[in-house]
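This report refers to the structure that appears directly beneath it.
By convention in this document, chain letters (A, B, ...) are assigned in the order of the sequence lines, proteins followed by strands, and residues within each chain are numbered from 1. The figures that follow rest on heavy atoms only: side chains count, while hydrogens, waters and symmetry mates do not.
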Amino acid sequence: MKHILVVDDHKDVRDLIALILDGAEDYQVAKVECGEKAVEISKKKRLDLVIMDVVMPEGIDGYSATKSIKQHSINQELKIIMVTAMGHDMDIRQGIKAGADAYIVKPFSPVELIDKVDRMLKSLE
Amino acid sequence: MKTYKEKNAGISVKRLIQQFFIFYIPLLFLVGVILSFFYYSDAKIVKTAIKKHQESDVAIKVKSITSDVKSVVSDLNFISRQHGLIQLVDKDERLDKYDLECDFLKLAEEKENYDQIRIIDTDGMEIIRVNYNNGNPVIVPDEKLQSKKHRYYFKETFALNEGEVYISPLDLNVENNLIELPYKPVIRLGTPVFDSMGEKRGVVVLNYLAGKLIDNFVALCSKDDDVALLNSEGYWLYSLGENDRFGFMFADNKNLTFAKRYPEAWKVIVDSGSGQIDNNDGIFTFSKVYPFRGIERGRVGGASTEKGVDRYVWIVVSKIVPNKLNQQIAVIFKKYIDIYFVITIFLALVAWMCAKISLREKMATNSLCRSEENLDGIIKSIADGIIVTDHDNNVLFMNPAAENIFGVSSEHVIGIPVDVAIREAMLGQRVNDTLAKKQPGYQFDFTVDDPNGNKPKIMHAHTSVIHDRKGRERGIVTIINDVTQEREAVRVKTEFLSTAAHELRSPLTSIRGFSEILLTRDNLKPEKRKEFLQYVNEQSVSLCGIINDLLDISRIEYGSGFSFNKGVCDIKKCVLDVVSRFKNNDEIHTFILEIPEEKIELYVDNDKFVQLLNNLLSNAVKYSPEGGAISLSVSRNEQGGSFTIKDEGLGMTPDQLKNVFEKFYRAGSSSHNIEGTGLGMTIVKYIVEAHDGEITIESEPGKGTEIVVAIPYKPSEEAEQEG
């Protein structure tokens, strides 16, 4: 059982990602609406993958959250996929620099997301 | 080649003539002065030549007179010592008187000088007399001989000692007390005769025909020469005017003297042997003649002279009247006037050409100055900064705009390397590179600190190489303009597009995701399927809302703006309509409406006012997710109307409140799952401001938010237009 945390300020996107992943593999999906909560969770609970939104109006943004999770997570092998509407090369580079392992640009296809998540988690095994 | 008209285009005739005279008059004056100098020296030379000529003329005449007189004296001496004559006075019987008379006759014939040759005895009786008889000499017979006892020449001569000579003044011959006609000027020369025993026995008297002497004198004169021969008293012995001659001989003409006519000249003549006098009467050249100075042992006597040959004086005077001199000078003057005339014509041509050239040059200079001034004015007025640097990157020129940009004064930076002068590394480097790399030019941005302490300004620079006519590189011209606003506009636009794209991607993610799930998963329960479709529908509605809001914002921010269709509008009706729509679609909120009875008319755009109310009420609804009262109170005042919307919802922190009008800002939306574009309040603020209104928000987390919008009856602009 893999633990996945979805971080996005839009409820529908959170629900969608959870739905896509629920139906696919043996994943346990949790959802939070801001970066701070994600960082807190990663410190307490073993997470395998975080799907992180970049632009969130409340609190820290996705880059800071990614950096913080990578530093403080109890699972140092944890993978982070950035899911964002910011699709510029510059944004992607910034995400990778912050510690993201993969990058998905909104609007994405569920198949693409599942594919990326599967590959990412399989690389951990 | 230019035509004459083109060359002289723009030169006015008046100015040309003025310029002509500016050149011509000094030239005329200069040439006049030079020619005057030559004229005066020429005139002086002529005058001097005339004087010299006169001097030599007078000298010749003096010589002629002296020479004529000399032979007379020798003749006299010869006769007085002649042997025959001695015999005669000795009363020697061997003497044949006739022989002696024949000798005298021969002498008179040969010499042609002697009117009479006489021997007078001690009693004054003529013993022998030979008359020249105008070229036919005759011996006067004894019976016709006369006594000359009482004549002055006999008395004077008889009183003399041996070897002494009496010379009478030159006068006219008088016969029988009448002046002989035609006038016969004579000088009587006499000397006593002594016998062999040394006894004085009589006198020899020669009547010398001075007319011949005068004729010889006159022969040396040309027709017009005004030459005179004067005696020591200033009477004319010879003069051009016949009536002036021998004035002393005529009772009526005693006053006809040179001394009386030319007293000034006479004064000088009396005191000098020779010389020249230049006065108003003319130029007088004179020389005294001592005709008998050659007589070594003689004494001279005469009516008017004392004894002594030096007292026997004549004066040769040559006179040039002013007119005659002036005539000669006038010839020179005319010559110079002719030369001057020719030169003036030539000078006129020269002056005309000079005037034209000078005016053309002046005009060219003026036009150059004007165009330089214009160019200078243009360059100084250009709002873009201009820096010109030379081959070594030293600043050659900096216009006022560039001075402002860099906060330096051009007078302090000219001649200094550009990177030192303006301390702008990028600019200095690029200017260096432009020449070094031989690039035609660079375009680049750089920032400069704002002297007022505002945000740094963004400058755009464009360097270009300056080439001279031969294509050689001479330096760099760098044009700098302030692009802060343009760059800011681009930045805002890019940011807006980026944010807009971001906002569109979120609902699209749901639409795409859920629709794909619906399409790919057949085993979905009907309620799930409905739920997902609900998501798709909601997100597409949201998408529409975002797009509409984005378009509004885009219009607001990029100039086209909303087009406000303002008019007098009953606010009460609008409020009632909007609130009733909200009431009908909402079950968890209580809407409390406080509104006056009467109409509230404001000068607003009805649709925009409705949009404003909608945005505010929908925010009140969205941010009171738990329900509660939403009150809307409308009131009238003197300025216009105001309405207050109050909810009991989530409220905002001070930070959230600060960002409430920012685009796409949605306070607490993530934590409370509140939908929206984040553009509603931005639009509200814009609509309020467009009506010259004010919006104030008070909010406290957990207690709700109160928004007051005050709108004047008429915004100032419209009031002014109508007023």
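Residue Arg505(B) is tested with Thr84(A), Val55(A), Val105(A) for a side chain to side chain contact (heavy atoms under 4.5 Å, CB included); the sole match is Val105(A).
Across all their heavy atoms, Pro110(A) and Gly513(B) have their closest contact at CG-O, 3.6 Å. Between Arg512(B) and Pro107(A) the shortest heavy-atom distance is NH1-O, 2.8 Å. Leu19(A) approaches Arg521(B) most closely through the heavy-atom pair O-NH1, 3.3 Å. Taking every heavy atom of both residues into account, Leu16(A) and Ser510(B) meet most closely at CD2-CA, 4.0 Å.
Atom CD of Gln76(A) has more than 12 neighbouring heavy atoms from other residues, nucleotides or ligands inside a 6.0 Å radius. Residue-environment remark: CD (Glu527(B)) exceeds the threshold of 12 foreign heavy atoms within 6.0 Å. Heavy-atom neighbours of Glu698(B) CD from other residues, nucleotides or ligands within 6.0 Å: at or below the threshold of 12. Within a 6.0 Å radius of NZ in Lys70(A), other residues, nucleotides and ligands contribute more than 12 heavy atoms. The neighbour count for Glu112(A) CD, taken as heavy atoms of other residues, nucleotides or ligands under 6.0 Å away, is above 12. By the 6.0 Å contact criterion, NZ on Lys703(B) is open, its count of non-hydrogen atoms from other residues, nucleotides or ligands being 12 or less.
Only the side chain of Tyr535(B) comes within contact range of chain A, with heavy atoms under 4.5 Å apart. Neither the backbone nor the side chain of Val32(A) comes within contact range of chain B, judged by heavy atoms closer than 4.5 Å.
Interatomic distance, Asp12(A) CG to Ile511(B) CD1, rounded to the nearest 0.5 Å: 9.0 Å. Here His10(A) contributes atom NE2 and Gln539(B) contributes atom CD; the two are 7.5 Å apart, rounded to the nearest 0.5 Å.
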